[in-house]
Amino acid sequence: MSKAEEKTIILVDQRKAIDEGRPRGGDCLVVIYTKEPTLLGKRFVLDSSPFRIGRGSENQIMLEGDSVSRKHAHAEERGNGIWWAVDDNSTNGTYVNDEQIPREQLLVNGDRIKVGPTIFKYLSGQDVEAQYHEEIYRMTIIDGLTQAHVKRYLLEALEKEIIRARRHERALSFLMFDIDHFKKINDFHGHLAGDFVLKELAKIVQSRIRRDEVFARYGGEEFALVLPETDLDGAHALAEGLREKIEASRFTFQNEVIRVTVSIGVAMLGEADRTSLDLIRRADDKLYEAKRGGRNRVTA
């Protein structure tokens with residue numbers, strides 16, 4: 001089934017709910033990723049149409065940044081309770097679920113809308129309040145841009161895995177890696193391209209790891225992986241596979257190909273590691289050894 005067909009089915013269900021008189025209201029946009037800390041988690045109720053987003057003071061949602069046009073986009077209600085995202089001929093485009101919309105896009109519950117560096121989630125239906133609180137909780141464990149776990153979740157998971165590894169005398173390894181010369185990517189291609197690279201790299205990693213392995217954005221362009229029941233050789237092999245896959249991938253943003261490589265540090269839990277921070281520190285030392293050695297390499 002195509003995405004267009006799925007949207008049509010959902011639209012029919014939404015109209016049926018309205019026709020049957022089931023309660024609605026409170027449709028909203030929730031900020032799940034932003035470079036403006038005061039906006040994170042904020043809810044904007046769609047109480048007027050059009051509901052405008054942009055840099056200018058006339059918008060209901062005002063965003064900062066050169067990548068946001070003065071009148072960038074708006075949400076528009078067509079039919080009772082059916083909302084569309086409409087791009088207002090912005091310079092950098094409006095995205096729904098990571099795809100740039102040519103002009104407009106029907107919105108269904110859970111869609112992600114990206115305007116400049118800011119990502120909103122559209123919430124609609126009967127239980128908007130419950131959905132909102134669920135989304136706020138999700139933001140405490142999932143990074144809104146990359147959909148990887150956040151650092152706090154990683155640290156808690158690593159502590160648990162260390163206890164389990166020592167209790168059952170099993171191997172546990174940890175990877176730390178970051179994008180080589182990421183500042184140059186931002187400076188040359190722009191911050192929107194940098195966000196695109198982070199997001200696409202995360203997709204590559206998530207497609208190649210097991211369910212019990214914890215992948216997180218550690219900070220900025222730095223990522224980490226917790227690998228239960230994996231010895232140093234196995235962790236090194238996985239790291240090398242990720243490095244090769246990332247180097248071979250085409251990162252194409254607005255018709256520009258961006259070359260991306262990573263440096264990776266690998267460490268395995270040992271007797272000398274008193275806490276999770278000891279293991280992290282050793283992996284971090286190996287990461288910087290890889291960078292000093294010329295980048296685009298794995299060091300264990």
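Along the sequence shown, residues carry numbers from 1. Model, not experiment: these values are computed from the prediction.
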Exercise. Is R55 close to D66 at the side-chain level, that is, under 4.5 Å between some pair of heavy atoms?
Worked result: no

For this session: May I have the step-by-step check of salt bridge (charged side-chain N to carboxylate O under 4.0 Å, His left out) for E247 and R259, ending in yes or no?
Result: CA-CA 7 Å; E247 183 182 23; R259 183 175 183 270; 3.7 Å; yes

Exercise. Residues two or more places apart in sequence or in another chain: which of them pass side-chain hydrogen bond (donor to acceptor under 3.5 Å, both in side chains) with S48?
Worked result: Q60

Exercise. Taking side chain as C-beta onward, heavy atoms only, is N80 less than 4.5 Å from E77?
Worked result: yes

Exercise. Within the distance-only criterion (no hydrogens, no angle test), does the side chain of Y122 pair as donor or acceptor with the backbone N or O of V30 below 3.5 angstrom?
Worked result: no

Seminar exercise, completed: Sorted by chain and number, sequence neighbours left out, side-chain hydrogen bond (donor to acceptor under 3.5 Å, both in side chains) with E213 holds for R210

Problem set entry | 4.5 Å side-chain heavy-atom contact, T230 and L172 | no

Seminar exercise, completed: Exactly one of D180, D178, N296 clears side-chain hydrogen bond (donor to acceptor under 3.5 Å, both in side chains) with S263, and that residue is D180

Exercise. Would you call R78 and E104 a salt bridge, taking side-chain N to carboxylate O under 4.0 Å as the test?
Worked result: yes

For this session: Kindly write out the residues that satisfy salt bridge (charged side-chain N to carboxylate O under 4.0 Å, His left out) with R103, not counting sequence neighbours, or none if the list is empty.
Result: none

Seminar exercise, completed: d(H181 NE2, I185 CD1) to nearest 0.5 Å is 9.5 Å

For this session: Decide yes or no for F253 and I258: does some side-chain heavy atom of the first lie under 4.5 Å from some side-chain heavy atom of the second?
Result: yes

Problem set entry | Enclosure of E134 CD (heavy-atom neighbours >12, cutoff 6.0 Å) | no

Problem set entry | With E256 via side-chain contact (heavy atoms from CB on, under 4.5 Å) - residues at least two apart | H189

Hey, can you pull the donor-acceptor pairs under 3.5 Å for the side chains in residues 147-157, sequence neighbours left out?
residue : atom : partner : partner atom : Å
Q147    : OE1  : R138    : NH2          : 2.6
Q147    : NE2  : G144    : O            : 3.0
H149    : ND1  : F215    : O            : 3.4

For this session: Taking S67 for its side chain and G116 for its backbone only, find out whether a donor-acceptor pair lies under 3.5 Å.
Result: no

For this session: Applying side-chain hydrogen bond (donor to acceptor under 3.5 Å, both in side chains), name anything that partners D127, two or more places apart in sequence or on another chain.
Result: none

Exercise. Under 3.5 Å, is there a donor-acceptor pair linking the side chains of S124 and D27?
Worked result: no

Exercise. Does anything in residues 231-242 pair up under side-chain hydrogen bond (donor to acceptor under 3.5 Å, both in side chains), and if so which pairs, sequence neighbours excluded?
Worked result: E240-R243

For this session: State, to 0.1 Å, how close A300 and L232 come at their nearest heavy-atom pair, and which atoms those are.
Result: CB-CD1, 4.2 Å

Exercise. Between F177 and F223, does the ring centroid distance fall short of 6.0 Å?
Worked result: yes

For this session: Check for a donor-acceptor pair, side chain of D87 on one end and backbone N or O of N89 on the other, with a separation under 3.5 Å.
Result: yes

Exercise. Are the side chain of D143 and the backbone N or O of T146 linked by a donor-acceptor pair below 3.5 Å?
Worked result: yes

For this session: Give the cluster check for L145 versus L192: same hydrophobic cluster or not, with ILVMFWY residues linked at side-chain heavy-atom distances below 4.5 Å.
Result: yes

Exercise. If every non-hydrogen atom of F120 is compared with every non-hydrogen atom of L29, which pair is closest and at what distance?
Worked result: CD2-CB, 4.0 Å

Exercise. For the atom pair CG (L63) and CG (L39), what is the distance rounded to the nearest 0.5 Å?
Worked result: 6.5 Å

Problem set entry | By salt bridge (charged side-chain N to carboxylate O under 4.0 Å, His left out) - contacts of K245 (at least two apart) | none

For this session: Quick one: list whatever passes side-chain contact (heavy atoms from CB on, under 4.5 Å) with K71, sequence neighbours left out.
Result: E58

Problem set entry | Ion pair check, K121 and D111, cut-off under 4.0 Å | no

Problem set entry | Those residues that, when tested against R250, pass salt bridge (charged side-chain N to carboxylate O under 4.0 Å, His left out) (two or more places apart) | none

Problem set entry | Counterpart residues, side-chain contact (heavy atoms from CB on, under 4.5 Å), relative to H191 (two or more places apart) | N186

Exercise. To the nearest 0.5 Å, how far apart are OG in S173 and CG in L238?
Worked result: 9.5 Å

Exercise. Ignoring hydrogens and geometry, is there a side-chain-to-backbone donor-acceptor pair from R282 to M268 under 3.5 Å?
Worked result: yes

Seminar exercise, completed: In this structure, OG1 of T118 is separated from NE2 of H72 (nearest 0.5 Å) by 10.0 Å

Seminar exercise, completed: Separation between CG (L287) and CG (D285), nearest 0.5 Å, reads 9.0 Å

Exercise. Are I179 and V266 joined in one hydrophobic group, where the rule is that I, L, V, M, F, W and Y side chains link up if heavy atoms are under 4.5 Å apart?
Worked result: yes

Exercise. Residues two or more places apart in sequence or in another chain: which of them pass side-chain contact (heavy atoms from CB on, under 4.5 Å) with R292?
Worked result: Y288, E289

